Amino acid sequence: QVQLVESGGGLVQPGGSLRLSCEVSGFDLSSYSVAWFRQAPGKDREGVLGFYRGDGKQYHGDSVQGRFSISFNDAQNVMYLQMNNLKFEDTAVYFCAAGRLRSSYIWNLPGYYSHWGQGTQVTVSS
């Protein structure tokens, strides 16, 4: 059974850090391109950071450049989103996703990902 479970969300002050985890079961994460998306109330789902297996590179949304990064624990089939220097506007529900992408140009398009987690809330507030 395919399952993605996010954890690590919570309340953090501006400038703080959080690390989200996405534990995967039912498929080999190392064979899929992956991404983290987020969705704030009243807004569309936004691609935050992606990793395209075709070229082994990370791709990021403009709003998180230099602050967020993806990492993996292949042995445990887990991926992480490290978030540093968090800002108020980073407040959202964060989702991990996996899919068999054929191009890096579509990394931030939710429709190309076949597997999704349930989301974890991140709130940046003072």
Side-chain angles (χ1 to χ4, degrees):
Q1 181 180 359
V2 171
Q3 195 171 16
L4 292 79
V5 179
E6 300 100 335
S7 61
L11 176 65
V12 63
Q13 292 185 341
S17 297
L18 278 177
R19 189 178 77 159
L20 305 183
S21 299
C22 177
E23 298 184 19
V24 172
S25 58
F27 65 96
D28 183 358
L29 187 60
S30 66
S31 299
Y32 282 69
S33 295
V34 298
W36 288 89
F37 288 81
R38 68 186 181 188
Q39 189 164 20
K43 294 188 176 181
D44 293 336
R45 193 163 293 192
E46 172 193 14
V48 174
L49 199 62
F51 182 84
Y52 177 56
R53 292 292 178 186
D55 59 14
K57 295 182 179 179
Q58 293 191 19
Y59 294 85
H60 54 79
D62 291 341
S63 61
V64 304
Q65 183 177 3
R67 299 189 296 123
F68 292 9
S69 62
I70 285 178
S71 61
F72 299 90
N73 183 328
D74 289 340
Q76 296 187 354
N77 223 25
V78 179
M79 71 172 181
Y80 304 96
L81 178 67
Q82 179 65 43
M83 305 186 293
N84 299 324
N85 191 22
L86 284 160
K87 304 177 181 181
F88 292 118
E89 53 265 38
D90 294 320
T91 296
V93 177
Y94 283 71
F95 302 86
C96 59
R100 293 189 180 274
L101 273 60
R102 296 186 177 183
S103 169
S104 63
Y105 292 101
I106 56 175
W107 76 266
N108 61 338
L109 300 181
Y112 287 93
Y113 292 85
S114 52
H115 305 321
W116 288 84
Q118 83 288 351
T120 186
Q121 176 70 46
V122 172
T123 302
V124 184
S125 175
S126 55

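Position 1 is the first residue of the sequence, and the numbers go up from there. Values below: all heavy atoms of this structure, side chains included; hydrogens, waters and symmetry mates excluded. Note that the coordinates shown come from a computational prediction; the quantities given were computed from them, not determined experimentally.
- From Cys22, atom SG reaches atom CG of Asn73 across 12.5 Å, with rounding to the nearest 0.5 Å.
- Across all their heavy atoms, Asn84 and Gln82 have their closest contact at OD1-NE2, 2.9 Å.
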Check against side chain to side chain contact (heavy atoms under 4.5 Å, CB included), Met83 and Val12: CA-CA 11 Å; Met83 305 186 293; Val12 63; over 6 Å; no
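- Once rounded to the nearest 0.5 Å, the distance linking CG of Leu20 with CD of Glu6 reads 8.0 Å.
- Within a 6.0 Å radius of CD in Glu89, more than 12 heavy atoms belonging to other residues, nucleotides or ligands are found.
- Scanning both residues, Leu4 and His115, for their nearest heavy atoms gives CD1-CB, 3.5 Å.
- In this structure, the side chain of Asn77 engages the main chain of Phe27 through a donor-acceptor pair within 3.5 Å.
- Atoms OG and CG, from Ser17 and Asn85 in turn, are 8.0 Å apart once rounded to the nearest 0.5 Å.
- As a member of the Ile/Leu/Val/Met/Phe/Trp/Tyr network built from side-chain separations under 4.5 Å, Phe95 groups with Phe37, Tyr52, Tyr59, Val93, Leu101, Ile106, Trp107, Leu109, Tyr112, Tyr113, Trp116.
- In this structure the side chain of Asp90 never reaches within 4.5 angstrom of the side chain of Val122, judged on heavy atoms.
- With hydrogens and angles disregarded, no donor-acceptor distance shorter than 3.5 Å links the side chain of Gln1 to the backbone of Gly26.
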Side chain to side chain contact (heavy atoms under 4.5 Å, CB included) evaluation trace for Met79 with Phe51: CA-CA 11 Å; Met79 71 172 181; Phe51 182 84; over 6 Å; no
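- Side-chain N or O atoms of Gln58 include none that pairs as donor or acceptor with a backbone N or O of Ser69 at under 3.5 Å.
- Scanning for side chain to side chain contact (heavy atoms under 4.5 Å, CB included) contacts around Ser63 gives Arg38, Glu46, with sequence neighbours left out.
- Enclosure of atom CG in Asp28 by more than 12 non-hydrogen atoms of other residues, nucleotides or ligands within 6.0 angstrom is indicated.
- Taking CD of Gln39 as the start and CG of Asp44 as the end, the distance is 7.0 Å to the nearest 0.5 Å.
- Using a 4.5 Å cut-off on side-chain heavy atoms (C-beta onward), Tyr32 and Val24 make no contact.
- When atom types are taken as modelled, the side chain of Ser33 and the backbone of Arg53 share a donor-acceptor pair closer than 3.5 angstrom.
- If you take OG on Ser126 and CG on Leu11, they are separated by 9.5 Å, rounding to the nearest 0.5 Å.
- Although no hydrogens or angles enter the test, the distance criterion places a donor-acceptor pair under 3.5 Å between the side chain of Thr91 and the main chain of Val124.
- Interatomic distance, CG of Leu86 versus OG of Ser125, reported as 12.0 Å (0.5 Å rounding).
- Placement of Phe68 and Tyr80 in two distinct hydrophobic clusters is found when ILVMFWY residues are connected by side-chain heavy-atom separations under 4.5 Å, directly or transitively.
- Partners of Arg45 by salt bridge (Lys or Arg N to Asp or Glu O under 4.0 Å), not counting sequence neighbours: none found.
- No path of Ile, Leu, Val, Met, Phe, Trp and Tyr side chains, each step under 4.5 Å between heavy atoms, connects Val48 with Val5, placing them in separate hydrophobic clusters.
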